[in-house]
Protein chains: 4
Amino acid sequence: MSQQDKMIEELFHNADELTEKQKKIVAAAIESFAEKGFAATSTSEIAKKAGVAEGTIFRHYKTKKDLLMAIVAPTMAKLIAPFVIKDFNKVLNHDFDHFEDFIKAIIENRIKFLKNNMSLFRIVIQEIPFQPELREQFKEHIAQKIIERLRQIVEHYQAKGQIIEMPPDTIIRVTLSTIFGYIIARYLLAPEEEWDDNTEIERTIQFLMNGLSLEK
Amino acid sequence: MSQQDKMIEELFHNADELTEKQKKIVAAAIESFAEKGFAATSTSEIAKKAGVAEGTIFRHYKTKKDLLMAIVAPTMAKLIAPFVIKDFNKVLNHDFDHFEDFIKAIIENRIKFLKNNMSLFRIVIQEIPFQPELREQFKEHIAQKIIERLRQIVEHYQAKGQIIEMPPDTIIRVTLSTIFGYIIARYLLAPEEEWDDNTEIERTIQFLMNGLSLEK
Amino acid sequence: MSQQDKMIEELFHNADELTEKQKKIVAAAIESFAEKGFAATSTSEIAKKAGVAEGTIFRHYKTKKDLLMAIVAPTMAKLIAPFVIKDFNKVLNHDFDHFEDFIKAIIENRIKFLKNNMSLFRIVIQEIPFQPELREQFKEHIAQKIIERLRQIVEHYQAKGQIIEMPPDTIIRVTLSTIFGYIIARYLLAPEEEWDDNTEIERTIQFLMNGLSLEK
Amino acid sequence: MSQQDKMIEELFHNADELTEKQKKIVAAAIESFAEKGFAATSTSEIAKKAGVAEGTIFRHYKTKKDLLMAIVAPTMAKLIAPFVIKDFNKVLNHDFDHFEDFIKAIIENRIKFLKNNMSLFRIVIQEIPFQPELREQFKEHIAQKIIERLRQIVEHYQAKGQIIEMPPDTIIRVTLSTIFGYIIARYLLAPEEEWDDNTEIERTIQFLMNGLSLEK
DNA sequence: TATGAATGAGCTTTCATTCAT
DNA sequence: AATGAATGAAAGCTCATTCAT
């Protein structure tokens, strides 16, 4: 099973139900959407790359946009998965005494995920500005549920006196900026440069902790 | 003269040479490209919005992509203008004894610019992933010239002992992440929310200075 | 099966592989190209005449020029077919003791062919001046291979003392001029006049033989 | 005065009345029409080549087709000029005792004319099939007046016993085929080959005389 | 289920022509 | 007389989608 396949298997929990052809369609679509954008990718191109007839795409996905959604929706779900597990707060209390540990864990975990799903991530952030439907989903799930959860976390560590007194939303913003700034620079803007990932992530965390922690 | 016009006047210094119709075309294109993306915007739509015949667009811009470039290239130039002025380093030495002052000045200045040119900024960041030509220009001008300049600045303040010892590129990365993170959150992700801009910028700078300065 | 269909069947030996629609497109294109010329014929016009959607044309022929080539190339091949059969010289030796017999046979045969394919012939001679690609094909196939073959024939009959001593190329030229002059006058310049074809062809051959033969 | 200019001067008797710009337009049109055909040549292309504004063309020629006609009509007139002079028969009686002399004179004269006006000739024969208006003019002037005149000439020499008894139209046809066959081969099909023009014309006449004369 | 020919609306672009300057 | 910006119809071509097989 190829890396590509694994990504798709992982993306669709019910991947068993996907035809072989369907998997090929999805794989081809991901590749093209990431590279040229949704609007600039033609269904005939996807069909050719997937080695199926054009009609086959529309048998499985009523419209081209449906195909996009079939890719993007589970990607967003997976992306936020760690934050929506039940008993998230318990996990938090038990596992991470310090904010730094929490941040480290979450960064490591999410970077690993994104690294393995970079094309999917590309599609999500590239298409969100253009697809109102997508933007809606994003706002509903991320901006509301996730931010709410993150707020609790921040307040949790603020109560513990581990991070500075600042509106939680501001802290979330600068934290996410820093993390996504790293991912975008590392994997999208300058992927061909030599990166010492471990060191660079450490530095990023160091900056973040410096910026957010009280004592120094 | 409308706000729109002013933006365009400012964008093309030689705006005098633009026909009235040409300005309308550019304004319409900016609006549509920002909203729906380059690929999903049709020239007929631009023509209609601009109140000109479709042929008129192609009299001035040989292709649809030419029109995009005519918009994006000067935008990128304006965006980086403050960093390419002659005697930049002198200005630096004389005007800003502290890194914080420098950062404050530059943030204030660039945020003001972007706020007035948000649609242009949108187009630039939205289309860079899809237009290899654009990516090339971006890399050549921004990634190389500007980064080089910023490196010198960072080293300058590091030598002065005002910011932590870390590879300049890393410092640049986290700094830009923080700044653009603010702009994107403020103007693209949640523009309709109430923002106390001054306070929020202050906090952002505070975070940045905490993260980068030596003493605390 | 109509006359039109038969012509097309004959033109494309593998006509079985042509869709019904494809045949209609080709027939419509032949009619319009012959009448108004390639450049002055629009694809929408062809589509309408063929009773298909315009898109259908482009499904089968990537470009309008491809459609022209699909018509012209096999026409040129058919036109020169009698001269490229294997053992052409043997045929010559056995069947035609006299140049006059040979000329008669070839004229009769080719005139018959052209009469049945006049629109195709029109397209070929009308478009050759404008399509460099076509001119290339024409030169390569006709001007080189065929002329070479004709040269041998002329020399053969010259050796037999049946036609005058003159450079073979000159003899070929005046012969072809005479034959095509007849066809063009008969079928293109004055098709509506009353022609006694048999007599006129006889006279043409008589002139040709007078002009080329030694004895009188 | 360039060769180009001379051709145009000669083409329009009232060339004095042509603006400098007009001459340039005509020259540019001739070049492009000959090369790519009327339908495939755009007026903007002509304007550019002529170094004038597009509007200027339409100031002088109401439509693109008018421009074509302004070129083609006088060309056809010039081409047939020698046959329409008054007292043509007198000239004939006095100057040419033998058909061969007449043929020689006329061939020499017309070939010289065509050689100097090859682009014009190209345009005429290339556009006649496509422009009904042109075809009409051609038929009216050439096919009727000229053929009538040629008929008289042929009958004149037939009466003198110098050419074979054959319907004059047939004799005209084979004669013109032979002459134009030479011109087309020489100047249009294989202009880049080495031609010994004098010898080749001699041979052509020899063939023609052989074909048409009684005695041998 | 899968195909791929067929569709027709819509795309970018070109063009002959007009007209205010 | 000459310009060239402007036009809008029409060009060649692409596309997402349908449907008979």
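These numbers come from the heavy atoms of this one structure, side chains and all, not from hydrogens, waters or symmetry mates. Every chain is numbered from 1, with letters handed out A, B, ... down the list of sequences.
Rounding to whole angstrom units, CD1 of residue A:Ile57 and C1' of E:dA5 are separated by 16 Å. Protein atom CD of B:Glu20 is 16 Å distant from nucleotide atom C1' of E:dA20, rounded to whole Å. Rounded to a whole Å, the OH atom of C:Tyr61 is 11 Å from the P atom of E:dA6. Atom pair A:Lys24:NZ and E:dT3:C1' shows a separation of 15 Å (rounding to whole Å applied). C:Lys36 has its NZ atom 12 Å from the C1' atom of F:dA10, to the nearest Å. The interatomic distance linking B:Ile46 (CD1) with E:dG10 (P) rounds to 17 Å, in whole Å. The distance between atom CG of B:Leu18 and atom C1' of F:dG4, rounded to the nearest whole Å, is 17 Å. Computed from coordinates, the B:Lys21 NZ to F:dT7 P distance equals 4 Å when rounded to whole Å.
Note that the NZ atom of B:Lys65 and the CD atom of B:Gln131 stand 5.0 Å from one another [nearest 0.5 Å]. Rounding to the nearest 0.5 Å places CZ of A:Arg59 at 14.5 Å from CD of A:Glu54.
Closest of all the heavy-atom pairs between C:Gly37 and D:Phe130 is CA-CE2, 3.3 Å.
OP1 or OP2 of E:dA2 has not a single side-chain nitrogen or oxygen of A:Arg59 nearer than 4.0 Å. Distances shorter than 4.0 Å separate none of the side-chain N or O atoms of D:Thr63 from OP1 or OP2 on E:dA16. C:Lys62 has no side-chain polar atom (N or O) that falls below the 4.0 Å cut-off from OP1 or OP2 of F:dG12. For E:dT1, the OP1/OP2 oxygens have no side-chain nitrogen or oxygen of A:His60 closer than 4.0 Å. For F:dA16, the OP1/OP2 oxygens have no side-chain nitrogen or oxygen of A:Lys65 closer than 4.0 Å. Close to F:dT7, at under 4.0 Å from its OP1 or OP2, lies a side-chain N or O of B:Thr56.
Between the B:Glu127 side chain and the B:Phe38 main chain, a donor and an acceptor come within less than 3.5 Å of each other. In terms of modelled atom types and a separation under 3.5 Å, the side chain of C:Thr19 and the main chain of C:Gln22 share no donor-acceptor contact.
Candidate nucleotides F:dC13, E:dA16, F:dA2 were compared by shortest atom distance to the side chain of C:Phe58, and F:dC13 ranks first. Nearest nucleotide to the C:Lys64 side chain, out of E:dG8, E:dT17, F:dC13: F:dC13. Checking F:dA5, E:dA6, F:dG12 against every side-chain atom of C:Glu54, the shortest atom distance belongs to F:dG12.
Where B:Gln22 and C:Ser44 each meet DNA chain F at their nearest nucleotide, the meeting point lying more 5' is that of B:Gln22. Residues B:Phe38 and C:Val52 each lie close to DNA chain E; by heavy-atom proximity, the contact nearer the 5' end of the strand is made by C:Val52.
Residue B:Thr43 is classed as a base contact, given a heavy-atom separation below 4.0 Å to a base.
Checking E:dT21 for Watson-Crick or G-U wobble geometry (two distances, each under 3.5 Å) identifies F:dA2 as its partner.
Around atom NZ of C:Lys64, more than 12 heavy atoms belonging to other residues, nucleotides or ligands sit under 6.0 Å away.
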